[in-house]
There are 2 protein chains.
Amino acid sequence: MNGSTARRVTIRDVAERAQVSISTVSHAFSGSRPISQATRDRIFRAAAELGYDPNPSARSLRTGRSGIIGLILRPRFALCGTPDRAETFNRLVGSVATEMLRRKVGLIHVPDLNDPSVSSVPMDGCIVAHPYGADEVLAELLRRGVPVVTIEEDPERPEFTWTVRLDYTTVVTALLDHLRDQGAGSVALLTGSEDNAWNRRTRETYLAWCERHGHAARVELLSEGLSVDDAAATIRPLLASPERPDAVVVDTSDFAAITAEIATTRGLRVPEDLMIASLTDTEHSRSAVPPITAMDLNHERLAENAVELMLSRLAGLETPPEAVVIAPALRVRPSTQRSAG
Amino acid sequence: MNGSTARRVTIRDVAERAQVSISTVSHAFSGSRPISQATRDRIFRAAAELGYDPNPSARSLRTGRSGIIGLILRPRFALCGTPDRAETFNRLVGSVATEMLRRKVGLIHVPDLNDPSVSSVPMDGCIVAHPYGADEVLAELLRRGVPVVTIEEDPERPEFTWTVRLDYTTVVTALLDHLRDQGAGSVALLTGSEDNAWNRRTRETYLAWCERHGHAARVELLSEGLSVDDAAATIRPLLASPERPDAVVVDTSDFAAITAEIATTRGLRVPEDLMIASLTDTEHSRSAVPPITAMDLNHERLAENAVELMLSRLAGLETPPEAVVIAPALRVRPSTQRSAG
DNA sequence: CTGAAAGCGCTAACAC
DNA sequence: GTGTTAGCGCTTTCAG
């Protein structure tokens with residue numbers, strides 16, 4: 001019943017059964033040359049009877065293409081991380097998978113590019129999500145000549161335009177302006193430790209904004225790898241200090257939610273005494289009390305555009321002059337709305 | 001700079017440069033036979049200098065293994081569906097991907113098994129999630145001799161034990177008992193249209209429970225493919241009817257949330273006049289007003305166990321006598337808590 | 001319209 | 001400890 005001992009059926013078996021040569025079988029399947037109706041029928045019948053399905057490795061070896069696109073998610077805290085990171089990971093992976101399935105292209109999660117003990121995977125191209133500055137995996141792929149498209153740019157590779165990137169400047173500026181409109185006197189930034197576009201661009205934008213407005217910048221590090229408790233330990237003194245800011249922008253949504261909790265515990269009202277915003281939008285920000293204003297990275301559109309770009313690239317599109325730019329969305333919620341509005 | 005015209009470097013190039021035969025290079029990489037230190041050094045240096053990386057298709061063709069595991073998610077509404085379906089899809093895909101990455105095995109999303117225009121993928125085994133009754137994709141994979149593990153059983157294949165399944169009976173019974181404890185007089189079930197274990201088992205359990213308690217069963221169909229508006233159109237008459245139930249179990253969380261909304265609009269208090277529970281747990285159930293009691297399918301543990309089972313299977317484990325059983329979790333929330341407790 | 005045959009890059013006998 | 005060689009199953013010239 002279980003055909004575990006049965007040899008796989010090959011093109012040769014089909015040829016034999018249909019009384020033709022293997023090349024005819026091959027052409028019948030690929031349609032790459034005219035075959036008489038009678039022959040073609042015999043071949044398809046034989047194939048169906050035998051349950052033939054072509055060996056993808058043999059085909060790839062021969063043609064040099066696999067029809068499969070790889071996906072590498074760079075942030076090291078994406079796995080085994082906190083709930084915020086898991087949700088973000090799921091959403092990006094899910095979005096890319098959805099888009100690939102819709103287009104009927106194989107998607108493969110690349111396990112570990114540089115571990116020689118891990119078998120490498122046959123891919124025609126690779127999407128690298130959220131690369132670091134001077135990302136080494138990206139560099140290795142380029143060195144190997146793999147066609148790459150990145151989701152967010154490697155900040156050290158501005159010349160690499162096979163990229164879908166986010167326009168952080170506009171959104172973060174809008175957020176800071178919004179906080180000021182709502183009466184924020186001093187805005188602190190709790191930024192992540194990962195050296196990627198997300199952290200770099202948002203921090204740069206914050207610093208530029210501070211300078212433009214003669215606002216004293218206050219940046220604290222809050223690593224994405226911290227546990228919620230550790231994060232709390234960093235946040236508490238900030239809120240206890242006499243020079244406590246009256247608005248904080250926290251990198252990840254779960255730490256933002258913790259901030260709201262801590263504030264409430266200390267008797268600080270949100271948003272009246274402390275406004276809180278986060279640079280990632282997940283259930284933590286949406287269902288915090290009060291709900292927290294957040295920047296949504298728009299993974300679905302990032303994924304769509306990255307897949308589209310990759311397919312164009314594989315189809316022969318020339319190197320584009322500029323990266324594709326996507327706007328993150330700013331979701332304004334009660335945590336930053338002092339006035340009704 | 002971009003090596004797009006450069007020929008890929010093969011084992012032959014490395015052999016030539018290191019002044020050894022290609023088999024020696026092969027063995028040096030696989031470690032499958034002793035190589036003198038000097039030779040091995042020369043080989044690795046040559047490989048590094050040339051930037052050699054082995055061709056996975058050639059290797060798979062030769063060895064018959066690819067080191068890649070496939071994933072097929074069966075529910076047709078998993079894609080392009082409503083938010084509940086998207087979140088569920090993301091969570092399952094994310095969980096499987098996370099687990100595979102942790103184990104450093106390649107994971108591939110299989111695009112479309114039966115579309116001949118889609119190139120088939122090299123996989124050593126395949127995980128099929130949420131198969132239908134007498135699932136045809138599952139059947140096709142088995143016919144091809146692909147080692148399969150399913151997440152949830154195909155209800156028409158009780159003999160197939162390479163499965164991680166959910167113990168719905170216990171949890172759904174507990175839910176119904178809970179509703180009765182909270183004073184439910186009549187409980188209706190709004191069940192999905194997909195013919196899979198989730199819908200079958202939960203419905204069976206409901207019917208058995210009704211019979212056991214002399215409770216008039218009331219089952220309505222609410223297809224997972226419905227838009228939220230269409231679902232609302234099905235739900236409204238139910239709540240308007242004079243024989244309106246005072247508790248409903250709704251298959252998906254977003255439709256449960258809609259039910260809560262409709263009830264509130266009609267002046268029904270939840271849970272006092274109407275208790276609501278759902279058989280899927282997502283943000284919709286958690287952040288509905290009031291929060292909705294839900295069964296959590298525990299995708300993370302399903303994924304973990306399925307991957308584990310697949311790796312054991314590929315490592316030669318004998319056919320297990322029984323499926324692995326996981327408990328879904330019952331998350332009791334205010335939507336079904338009339339008394340404080 | 002069809003067949004013969006080379007060879008994609010690698011592994012694993014089998015020799016020495 | 002190392003080399004030679006026969007394929008894995010397929011696509012694709014090149015001949016007819």
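Only this structure's heavy atoms are used, side chains among them; waters, hydrogens and symmetry mates stay out. Protein chains get the first letters and strands the later ones, always in sequence-line order, with residue 1 at the start of each.
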Worksheet item: Do the non-hydrogen side-chain atoms of A/Asn305 and A/Ile326 ever get within less than 4.5 Å of each other?
Response: yes
Worksheet entry | Heavy-atom side-chain contact between A/Ile151 and A/Leu92 under 4.5 Å |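 They are in side-chain contact.
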When you get a sec, tell me which of [options] is the closest nucleotide to the side chain of [X]?
| X | options | result |
| --- | --- | --- |
| B/Pro34 | D/dG9, D/dG1, C/dA12 | D/dG1 |
| B/Ile22 | C/dG9, C/dT11, C/dA6 | C/dT11 |
| B/Arg33 | C/dG3, C/dT11, C/dC14 | C/dC14 |
| A/Asn55 | D/dG9, D/dT12, C/dT2 | D/dG9 |
| B/Tyr52 | C/dC14, C/dC10, C/dT11 | C/dC10 |
| B/Thr10 | D/dC10, C/dG3, C/dG9 | C/dG9 |
| B/Ser23 | D/dT12, C/dC10, D/dT4 | D/dT4 |

Practice prompt. Indicate, with a heavy-atom threshold strictly under 4.0 Å, whether A/Thr39 touches base, sugar-phosphate, or nothing.
Written response: sugar-phosphate
Discussion item. Applying a 4.0 Å non-hydrogen cut-off, can you work out what B/Leu61 is touching in the nucleic acid: base, sugar-phosphate, or nothing?
Written reply: base
From [atom1] of [X] over to [atom2] of [N], roughly how many Å is that when rounded to an integer?
| X | N | atom1 | atom2 | value |
| --- | --- | --- | --- | --- |
| A/Arg62 | C/dG7 | CZ | P | 10 Å |
| A/Arg65 | D/dC10 | CZ | P | 16 Å |
| A/Arg40 | C/dC1 | CZ | C1' | 12 Å |
| B/Asp53 | C/dC10 | CG | P | 9 Å |
| A/Ile35 | D/dT12 | CD1 | P | 14 Å |
| B/Glu16 | D/dG3 | CD | P | 13 Å |
| A/Asp41 | C/dT2 | CG | C1' | 16 Å |
| A/Ile11 | C/dT2 | CD1 | C1' | 14 Å |

Worksheet item: So with a 6.0 Å cut-off around CZ of B/Arg12, is the heavy-atom count from everything else above 12?
Response: no
Item to complete: Just report the end-to-end axis angle for the helix from C/dC1-D/dG16 to C/dC16-D/dG1, five pairs per end, to 10 degrees.
Response: 40°
Fill in: Approximate separation, where rounding is to 0.5 Å, of B/Arg200 CZ and B/Glu153 CD
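Reported value, rounded in 0.5 Å steps: 9.5 Å.
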Does the side chain of [X] pick up a donor-acceptor pair with the side chain of [Y] at under 3.5 Å?
| X | Y | result |
| --- | --- | --- |
| B/Ser23 | B/Ser26 | no |
| A/Thr39 | A/Ser36 | yes |
| B/Ser95 | B/Thr98 | no |

Fill in: B/Ala58 vs B/Ser21, nearer the 5' end of DNA chain D by closest nucleotide
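Final value for this comparison: B/Ser21.
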Item to complete: Over 60° means perpendicular and under 30° means parallel, so classify the ring planes of A/Phe29 and A/Phe44, tilted if in between.
Response: perpendicular
Worksheet item: OP1 or OP2 of C/dG9 less than 4.0 angstrom from a side-chain nitrogen or oxygen of B/Ser57, does that happen here?
Response: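 No, no such contact exists.
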Item to complete: Please state whether the phosphate of C/dT11, meaning OP1 or OP2, lies under 4.0 angstrom from any side-chain nitrogen or oxygen of B/Thr63.
Response: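 No, no such contact exists.
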